[in-house]
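The figures here come from the full heavy-atom set of this structure, side chains too, leaving out hydrogens, waters and symmetry mates. Per chain, numbering begins at 1; letters A, B, ... match sequence-line order. Fair warning: this is a prediction, and the values are worked out from it, not measured in the lab.
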Amino acid sequence: MIPLLVLSPFVFALVAALVAGRWPTRARWLAVWPALLAVVFEHELRTRVAVEGTQVVSLAWAPSLGLTLQFTLDGLGLLFALMITIIGALIVLFASAYLKGHPHLARLLAWLFVFMGAMLGVVLSDNLFALFVFWELTGFASFMLIGFEHDTPAARAAAMQALLVTAAGGIALLGGTVLLAQITGETTVSGVIRSGIDVTAHPTYLACTLLFLLAAFTKSAQVPFHFWLPNAMAAPTPVSAYLHSATMVKAGVYLIARMMPILGGTTLWSTTLLVVGGITMVGAAWRSVQETDLKRVLAFSTVSALGSLVLMIGIGTPGAIVAAVVYMIAHAAYKGTLFMVAGAIDHEAGTRDVTQLAGLRTVMPRTALAAALAAASMMGVPLFFGFFGKELFYEAEWQYAGAAGLLLAISVAANALSGMAGLVTGVGPFTGARPSRFDAAHEPAWPMWFGPLFLALAGVVFALVPGIVNTPIALAAASVTGAFTPVALVLWHGFTPVLGLSVLTLALAGGLYTQRAVLRKGLPGSVGSERVYVVTLRLLDAVSAFVAPALYSRSLRSYVLVLIVTTAFLISSGLFLGGGGWSIEALTPLRAYEMVIALVICAGAVMAARATSSMRAVLALGAVGYGVALLFVTYGAPDLAMTQFSVETLTAVIFVLVFRMFGSFAHLSSRLIRMRDAIVAGVVGVVVGTLVLLVGTGDGTSRLSHYFAEMSATVGHGRNIVNVILVDFRGFDTMGEITVLVVAAIGVHALLRIGADERGRP
Amino acid sequence: MNSLILQVATRVLMPLLLLFALFMLGRGHNEPGGGFVAGLIVSAAYALQAFAFGVAAARRALLVDPERLLGVGLLVALGSGLLASAQGLPFLTALWWGGLGSPALFDVGVFLVVIGVVLTMTFTLAEA
């Protein structure tokens with residue numbers, strides 16, 4: 001049951017497309033499904049995982065090949081699953097109002113559900129290859145969602161950039177997975193841990209770790225791969241709130257946490273995480289205060305928070321892991337809120353420029369309340385959940401043996417800057433005197449303030465009643481550290497040095513906020529890694545412009561030539577070099593009427609080759625096809641013959657439709673090329689003909705046909721072997737084939753329709 | 001093209017061809033036939049309709065967009081495989097309820113896809 005629930009958002013994507021397409025005003029009801037899923041995951045977490053430990057559930061896929069879709073339900077996975085579904089439900093609700101009346105609302109919601117399914121797959125998959133597939137699927141959904149407003153070039157460029165950067169990471173993930181599978185012989189996380197093999201002692205450990213970290217760093221926008229995330233703000237705000245702050249970008253952090261029991265514990269591991277996480281945390285926090293667009297401020301502060309999470313996992317002590325989990329929950333709540341608030345402001349006031357926005361609290365009181373609560377949590381004000389995150393963070397650093405002083409210094413700096421960003425985005429737009437241009441702004445419809453307020457209040461409730469989150473946090477941390485230690489969050493620790501740091505952070509944040517205008521002006525900021533991306537792309541273009549023409553001749557004829565020559569070569573090497581004990585005398589003797597059919601086919605072929613108009617060539621080829629179909633009849637394959645007759649007829653129809661605009665051929669091949677083609681055609685004909693006659697002698701084929709005859713009657717419940725093979729024994733093949741057919745049809749349709757539209761015809 | 005002979009012949013042939021296609025689809029599991037060839041026969045019937053009365057008339061006679069049949073057919077085939085998954089069996093495991101089986105449903109999916117593919121190509125080419 002659970003595996004189907006995990007995959008259910010994919011099905012729900014279709015439901016969303018239908019419902020939101022037909023009844024856009026009812027689209028908000030779609031939020032019910034993720035909410036129900038959240039209830040199920042919550043139930044699993046508290047009643048099963050907390051009591052009986054990690055649950056493994058699987059869905060058989062192709063058991064004969066050892067392929068099962070296996071999901072692990074443990075603290076870490078379920079915590080993520082809860083964030084994905086709860087925030088997902090709120091975002092669907094929000095988006096249904098935010099994009100009310102947008103012609104493509106259905107498309108956005110459908111892709112949100114696809115993303116939800118993929119993300120659940122990432123955090124619950126036990127099999128690393130399945131994880132890879134879901135991982136790439138989240139990147140693809142992100143691509144589609146960033147590029148949602150596909151007629152703006154900036155959105156397209158940002159979508160492409162996000163896809164290229166994260167997909168490069170995806171390839172690294174695949175590489176790392178393959179290496180890990182080679183080291184341990186296992187493909188599941190649980191299997192690798194169970195095998196007890198010390199991966200860190202293996203010669204390829206370095207490569208394996210770096211590949212996994214590369215995947216995580218690209219996905220979680222760590223320096224120097226961070227640049228795609230601020231650009232991804234081209235997406236509609238619900239998408240930014242959901243994918244690019246609360247969930248998808250945390251997939252990298254998830255991967256690091258998940259792999260820590262396997263790859264962690266070495267200097268390489270912790271040093272890389274500390275350095276990359278630290279630089280990202282400080283650098284992005286610094287950049288966040290220089291931005292004036294609400295969403296870009298939030299984007300950079302998200303990058304900074306992701307850096308903090310990576311840093312905490314790098315510290316790696318049980319305390320640091322608990323801190324990371326708490327920080328992550330707090331961040332998902334307040335950042336999700338602030339993004340939705342930014343969307344609401346943009347929706348109502350028509351601008352996201354923080355230097356313009358002011359005084360909105362009187363016209364948008366509920367939104368203002370949500371924003372203020374979230375900003376307080378983000379700053380780490382006591383009585384808010386964000387406070388716990390920062391306290392535990394400082395605590396873990398305080399107790400860390402290596403370079404505690406430096407870590408604390410940069411953390412305080414980054415958190416102060418983040419706190420300031422919280423003030424800029426959560427308080428600034430609502431305070432002060434309201435410019436008259438915002439007089440028309442008003443509280444948005446309830447789906448747009450409910451989500452932010454819900455998440456913001458969660459940040460308060462978790463802080464006041466930490467008992468409700470203790471167990472999930474402890475379970476999540478246990479998945480990373482490997483040992484369960486109860487967690488009891490308390491609000492008041494007494495007067496400790498850590499409390500002093502928290503107060504210092506708050507004071508600094510407040511002080512910096514008063515100087516925000518100075519900070520925005522003329523201070524050095526951006527690191528140039530985006531330039532590297534641009535230059536790399538240009539280089540790639542240049543190389544492929546050089547290489548591609550050599551491989552890609554743009555001539556169908558030359559492709560066909562390569563194909564059939566290769567086929568003939570492979571067959572004849574089997575026939576003549578294999579020495580497979582056959583002789584011309586042993587071939588099936590031809591009957592008289594078969595000779596007649598063969599002559600008809602040959603005549604058709606010659607006619608087609610000599611035709612000077614396309615219509616004549618099409619008809620001649622039709623004759624060849626019918627001849628082949630007749631041969632099928634004589635060889636006792638009525639199914640094939642029937643299909644061949646129909647296919648030939650329809651091919652002729654399609655050819656006629658294509659060629660009706662052309663009369664005679666404008667160019668005929670030169671004498672030399674015709675000679676070459678004649679030789680190739682002759683050789684291929686002889687080789688394939690020999691093969692057919694050889695097969696007809698019955699050697700080696702009888703066993704298979706007996707097997708299928710027997711199995712299709714008993715297992716397949718059908719007497720027509722061909723059909724039973726197609727729809728049952730080889731059903732998966734057929735599935736693939738009909739998919740290819742559909743893709744081809746869409747291709748034809750798109751090519752012709754787009755051409756027609758550009759010429760200004762309907 | 002406006003040929004009276006073709007039009008009259010088409011009127012007579014259309015129902016016969018469609019019935020024949022259904023017959024092919026139904027008997028496919030035990031006798032020569034099946035979704036693929038049945039789909040081709042239906043496509044041929046509508047291609048004939050298009051030649052005799054024009055593409056617009058053929059589209060009307062088909063009642064649904066061939067483009068839509070592409071998706072519906074694929075979903076039917078996929079759904080017939082997922083029936084097994086819903087019962088915890090591997091994807092595409094054949095399920096049988098008396099003489100009716102999920103492979104028959106799969107065949108219907110193939111049937112619809114084939115109609116969709118051929119007619120999408122034929123109609124768009126004829127309109128281009």
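- The nearest pair of heavy atoms linking A:Gly718 to B:Asn30 is CA-OD1, 3.3 Å.
- For B:His29 and A:Asn720, the side-chain atoms include no donor-acceptor pair closer than 3.5 Å.
- Only the backbone of A:Leu726 comes within contact range of chain B, with at least one heavy atom under 4.5 Å from a heavy atom of that chain.
- Separating the CG atom in B:Leu125 from the CZ atom in A:Phe655 is a distance of 11.0 Å, to the nearest 0.5 Å.
- Interatomic distance, B:Glu31 CD to A:Asn723 CG, rounded to the nearest 0.5 Å: 11.0 Å.
- The 12-atom threshold is exceeded at CZ of B:Arg59, counting heavy atoms of other residues, nucleotides or ligands nearer than 6.0 Å.
- The shortest distance between side-chain heavy atoms of B:Leu75 and A:Leu14 falls below 4.5 Å.
- Interface remark: of the candidates A:Thr734, A:Leu657, A:Val722, A:Val656, A:Leu657 forms the most heavy-atom pairs closer than 4.5 Å to chain B.
- Residues A:Gly731 and B:Leu92 approach most closely at C-CD1, 3.7 Å, considering heavy atoms.
- For the atom pair A:Thr739 OG1 and B:Leu70 CG, the distance stands at 11.0 Å (nearest 0.5 Å).
- Residue contact with chain A, scored on non-hydrogen atoms closer than 4.5 Å, involves the backbone and the side chain of B:Leu78 alike.
- Of all the listed residues (B:Leu69, B:Val114, B:Leu74, B:Thr120), the one sharing the greatest number of non-hydrogen pairs under 4.5 Å with chain A is B:Leu74.
- Taking 4.5 Å as the limit, every side-chain heavy atom of B:Met121 sits out of range of all side-chain heavy atoms of A:His749.
- Proximity to chain B (any heavy atom under 4.5 Å) is shown, for A:Thr649, by neither the backbone nor the side chain.
- Both the backbone and the side chain of B:Val117 come within contact range of chain A, each with at least one heavy atom under 4.5 Å from a heavy atom of that chain.
- Contacts between B:Ser43 and chain A at a heavy-atom distance below 4.5 Å involve backbone atoms as well as side-chain atoms.
- Contacts of A:Leu4 with chain B are made by side-chain atoms alone, with heavy-atom separations under 4.5 Å and no backbone atom involved.
- Both the backbone and the side chain of B:Phe91 come within contact range of chain A, judged by heavy atoms closer than 4.5 Å.
- When A:Leu69, A:Val653, A:Asp639 are compared by the number of non-hydrogen pairs under 4.5 Å with chain B, A:Asp639 comes out ahead.
- If you measure heavy-atom distances from A:Val742 to chain B, the contacts under 4.5 Å come from both the backbone and the side chain.
- Of the two parts of A:Val748, only the side chain, counted from C-beta on, holds a non-hydrogen atom closer than 4.5 Å to a non-hydrogen atom of chain B.
- Ranked by non-hydrogen atom pairs under 4.5 Å with chain A, the options B:Gly34, B:Gly33, B:Ala84 are led by B:Gly33.
- For A:Leu650, the part sitting under 4.5 Å from any heavy atom of chain B is the side chain, from C-beta outward, and nothing else.
- Under a cut-off of 6.0 angstrom, the local environment of CD1 in B:Ile5 is sparse, with at most 12 non-hydrogen atoms contributed by other residues, nucleotides or ligands.
- When heavy atoms are compared at a cutoff of 4.5 Å, A:Ala744 approaches chain B by way of both its backbone and its side chain.
- Using a 4.5 Å cut-off between heavy atoms, A:Val11 does not touch chain B at all.
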